[in-house]
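First listed ligand is number 1; within each ligand, the first listed atom is number 1. Any value given below was found using the heavy atoms of this structure, including those in side chains, with hydrogens, waters and symmetry copies removed.
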Amino acid sequence: MLIAQITDLHIREEGVLCYRRVDTAPFLMRAVDTLNQILPRPDIVLLTGDLIDAFKIEEYRRLRGLLDRLRLPYALIPGNHDARAGMRAVFGDQPFPKTGFIQYTIEHLPLRLIGLDTLVEGEHRGQLCAQRLDWLEARLAEQPERPTVIFMHHPPFTTGITPMDKYNLEGRERLAELVTRHANVERILCGHLHRSIQCRIGRSFATTCPATAHQVALGLGEAGVWGFTMEPPGYQLHYWIEGQGLVTHTGNFGDYAGPYSFRDGSPIELPRAAV
Ligand SMILES: [Fe+2]
Ligand SMILES: [Fe+2]
């Protein structure tokens with residue numbers, strides 16, 4: 001089984017730049033084109049929040065049009081730039097609960113997927129309140145042996161990128177306790193940091209994925225600036241190897257030279273996905 005992850009698309013309406021600088025939609029189009037060509041074909045694409053930027057329904061409608069080009073099944077959860085009502089209005093075909101938090105499970109794949117909603121509407125910090133964690137605890141109790149992946153927006157750890165850590169996740173202590181008690185939780189896949197970062201959580205492991213457009217500047221501690229850079233955007237492929245576990249690879253979007261043969265340096269023609 002193969003999970004592809006993209007995150008933090010920050011789509012704005014037509015003609016509007018994100019932070020007055022980044023035209024995020026063409027970046028997403030390139031990401032979609034890349035995902036459509038990946039072999040083997042991912043079983044699902046997880047989009048881990050900050051799908052749009054400014055909470056507007058027009059942004060969700062534009063996002064929908066862009067994602068209609070993606071020829072793979074996909075699943076969405078909200079980030080701090082999202083609005084639940086807009087997500088429900090435009091993505092009515094997603095398995096969202098009708099009301100309340102956008103939390104749900106995906107059951108038909110070898111790995112069980114559990115999407116968590118860390119959004120506090122109108123704020124940038126994340127939260128797993130007692131209600132959301134109770135729901136998670138009940139879901140985990142249903143299938144305690146089955147390999148499970150949690151996906152959500154805010155990572156449940158301090159990153160050291162101090163300005164971003166100010167928008168941390170409340171409730172992470174109980175989350176760590178839950179995934180320690182449920183050793184079948186293979187991974188917690190997150191976004192929000194616009195970078196690839198990894199950290200152990202109890203007896204599980206949490207990762208963040210690069211964003212499709214702009215990245216958060218890498219600077220640790222109080223000396224770090226709070227800003228974004230146009231480093232190469234990226235995605236992650238989480239490859240399930242039976243008997244071992246989940247292996248995470250990070251790739252960059254963009255046109256790079258190669259691949260070339262290790263034998264004689266000649267160009268290698270890549271197989272094309274039949275789409
Ligand atoms: Fe973001
Ligand atoms: Fe975020």
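For the Fe ion (ligand 1), the nearby protein N/O/S atoms, meaning those under 2.8 Å, are D8 OD2, H10 NE2, D50 OD2, H194 NE2.
With salt bridges taken as basic N to acidic carboxylate O contacts below 4.0 Å, one links E123 and R125. For D134 and R174, the salt-bridge test passes: some basic side-chain N is under 4.0 Å from an acidic carboxylate O.
Criterion: ILVMFWY side-chain heavy atoms under 4.5 Å apart, direct or through other members. Under it, Y239 and L72 are part of a common hydrophobic cluster.
For the residue pair T158 and R172, a side-chain donor N or O sits within less than 3.5 Å of a side-chain acceptor on the partner.
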Begin with the C-alpha distance, continue with both residues' side-chain angles, and end with the deciding distance and a verdict on side chain to side chain contact (heavy atoms under 4.5 Å, CB included) for T24 and L9.
-> CA-CA 7 Å; T24 47; L9 327 176; over 6 Å; no
Which is it for M152 and R132 under the side chain to side chain contact (heavy atoms under 4.5 Å, CB included) test, yes or no, and what are the steps along the way?
-> CA-CA 12 Å; M152 60 190 205; R132 283 175 268 198; over 6 Å; no
